[in-house]
Amino acid sequence: MARIKVRQHVNPLSIIYQQPLIPPDWSAIYPNLAAPIHLDIGSAAGSFLLRLAQHNRNWNYLGIEIRQALVIQANQIRDRAELTNLHYVFGNINTSLETLLASLPAGKLQRISIQYPDPCFKQRHAKRRVVQPELVNDIARYLPSGGEVFLQSDLEWVAQEMCDRFSENPAFLRTQAEWLEPNPLGIPTERETATLNRGLPVHRAMWIRY
């Protein structure tokens, strides 16, 4: 399937992205609701979760992405691959995360990944960045004890800022002080592969919910 052209960056504070997310009936999405769930925030074209879902059929994978065209295409590719443990939803995580998390089967969310978020370089756009204190609070509320949060970026200041937000919340413990090497999930994103192929570093961290 040919790639579609979409805007690389969108303003999540725009009114067009403020409509509430309506979660699906998860029993109609995942045949095995007893499986642990990995949520990827900002799943983009979905290739990372696609590979994870193919590699491990014992987990359910869920991506949320603010660019609707990418969500539609990712679910079409999922269907062609005949994967029943993978789904993508369209939504603005900064307004819909609590609604999404509250709808999931209780206790099944076990991992969240946030990878290469839009840096929103200008300071006046800092409120557009994905990892805000409110998002961390929502994750702390719904991620069970022992659940994981995986963060990574090719921009060290972005990775550090995300880590700072999690370090401010006493519900989370960083697994090690230095950046992780190699990727503990074993499946790289396309951005990660391109970054490493250019000989540039990737900054990764794993956080555990107390």
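We count residues from 1, following the sequence as given. Remember, predicted model here, so these are calculated numbers, not experimental data.
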Novice: Should we say atom CD1 of Ile22 is surrounded by more than 12 heavy atoms from elsewhere, each under 6.0 Å from it?
Specialist: no

Novice: Any donor-acceptor pair under 3.5 Å linking the side chain of Asn60 with the backbone of Asn32?
Specialist: yes

Novice: What is the distance from atom CD1 of Ile41 to atom CD of Gln115, rounded to the nearest 0.5 Å?
Specialist: 10.5 Å

Novice: Can you find a heavy atom in the side chain of Leu83 that is under 4.5 Å from one in the side chain of Arg57?
Specialist: yes

Novice: Looking only at non-hydrogen atoms, find the nearest pair between Ser27 and Asp25 and report the distance.
Specialist: OG-OD1, 2.6 Å

Novice: Is any side-chain heavy atom of Leu62 closer than 4.5 Å to a side-chain heavy atom of Leu104?
Specialist: yes

Novice: Would you call Tyr61 and Ser113 a side-chain contact if the rule is heavy atoms closer than 4.5 Å?
Specialist: no

Novice: Do the side chains of Gln76 and Tyr88 get nearer than 4.5 Å, heavy atoms only?
Specialist: no

Novice: Are Tyr116 and Val71 connected in the hydrophobic side-chain network, where two residues link if heavy atoms are under 4.5 Å apart?
Specialist: no

Novice: Just so I know, are the side chains of Val136 and Glu168 near enough to count as touching, which here means a heavy-atom distance under 4.5 Å?
Specialist: no

Novice: I'd like to know if the side chain of Arg165 and the backbone of Val131 have a donor-acceptor N/O pair within less than 3.5 Å.
Specialist: no

Novice: Sequence neighbours excluded and cut-off under 3.5 Å, please list the side-chain donor-acceptor pairs for residues 201-210, or say none.
Specialist:
{"unit_1": "Arg204", "atom_1": "NE", "unit_2": "Gln152", "atom_2": "OE1", "d": "3.3"}
{"unit_1": "Arg204", "atom_1": "NE", "unit_2": "Glu192", "atom_2": "OE2", "d": "3.3"}
{"unit_1": "Arg204", "atom_1": "NH1", "unit_2": "Leu180", "atom_2": "O", "d": "3.1"}
{"unit_1": "Arg204", "atom_1": "NH1", "unit_2": "Glu181", "atom_2": "OE1", "d": "3.1"}
{"unit_1": "Arg204", "atom_1": "NH2", "unit_2": "Glu192", "atom_2": "OE2", "d": "2.8"}
{"unit_1": "Arg209", "atom_1": "NE", "unit_2": "Ala140", "atom_2": "O", "d": "2.9"}
{"unit_1": "Arg209", "atom_1": "NH2", "unit_2": "Ala140", "atom_2": "O", "d": "2.9"}

Novice: What are the two closest heavy atoms between Asn85 and Trp59, and how far apart are they?
Specialist: ND2-O, 3.0 Å

Novice: Test Ile93 against Ile114 for side-chain contact (heavy atoms from CB on, under 4.5 Å), laying out the working first.
Specialist: CA-CA 11 Å; Ile93 203 67; Ile114 307 173; over 6 Å; no

Novice: Side-chain heavy atoms nearer than 4.5 Å, only ILVMFWY residues, links allowed to pass through others: does that put Met162 and Trp179 together?
Specialist: no

Novice: Calculate, to the nearest 0.5 Å, the distance between atoms CD1 and CD1 belonging to Ile112 and Ile64 respectively.
Specialist: 11.0 Å

Novice: For the CD atom of Glu156 and the SG atom of Cys163, what is their distance to the nearest 0.5 Å?
Specialist: 10.0 Å

Novice: Indicate yes or no: at least one non-hydrogen side-chain atom of His38 is less than 4.5 angstrom from one of Asn56.
Specialist: no

Novice: Rounded at 0.5 Å granularity, tell me how far CZ in Arg51 sits from OG1 in Thr189.
Specialist: 9.0 Å

Novice: Angle class for the His87/Trp26 ring planes (parallel below 30°, perpendicular above 60°, tilted otherwise)?
Specialist: perpendicular

Novice: Give a yes or no on whether Leu100 and Leu33 share a hydrophobic cluster (residues Ile, Leu, Val, Met, Phe, Trp, Tyr; joining criterion: side-chain heavy atoms under 4.5 Å apart).
Specialist: yes

Novice: At their closest point, which heavy atom of Glu65 faces which heavy atom of Gly42, and how far apart are they?
Specialist: OE1-C, 3.5 Å

Novice: Measuring from Glu190:CD to Thr195:OG1, what's the distance to the nearest 0.5 Å?
Specialist: 11.5 Å

Novice: Show the nearest heavy-atom pair for residues Leu21 and Gly91, with the distance to one decimal.
Specialist: CD1-CA, 4.1 Å

Novice: Give the minimum heavy-atom separation between Leu86 and Ala53, together with the two atoms involved.
Specialist: CB-CB, 3.9 Å

Novice: Roughly how far, to the nearest 0.5 Å, is the CG atom of Leu52 from the OG atom of Ser47?
Specialist: 10.0 Å

Novice: With a 4.5 Å cut-off on side-chain heavy atoms, are Pro117 and Val158 touching?
Specialist: yes

Novice: If Ile, Leu, Val, Met, Phe, Trp and Tyr residues are connected whenever their side-chain heavy atoms lie under 4.5 Å apart, and connections chain through other members, are Val130 and Trp157 in the same group?
Specialist: yes

Novice: Who pairs with Glu134 by salt bridge (charged side-chain N to carboxylate O under 4.0 Å, His left out), at least two apart in sequence or on another chain?
Specialist: none

Novice: Might you point out which heavy atoms bring Leu101 and Asp138 nearest each other, and give the distance in Å?
Specialist: CD1-O, 3.7 Å

Novice: Look at the side chain of Gln110 and the backbone N and O of Gly107, then say whether any donor-acceptor pair between them is shorter than 3.5 Å.
Specialist: yes

Novice: Would you indicate whether the side-chain heavy atoms of Asn169 and Asn137 approach each other to under 4.5 Å?
Specialist: yes

Novice: Flag yes if Phe150 and Leu196 sit in one hydrophobic cluster, no otherwise; membership is Ile, Leu, Val, Met, Phe, Trp, Tyr, and two members link when side-chain heavy atoms are under 4.5 Å apart.
Specialist: no

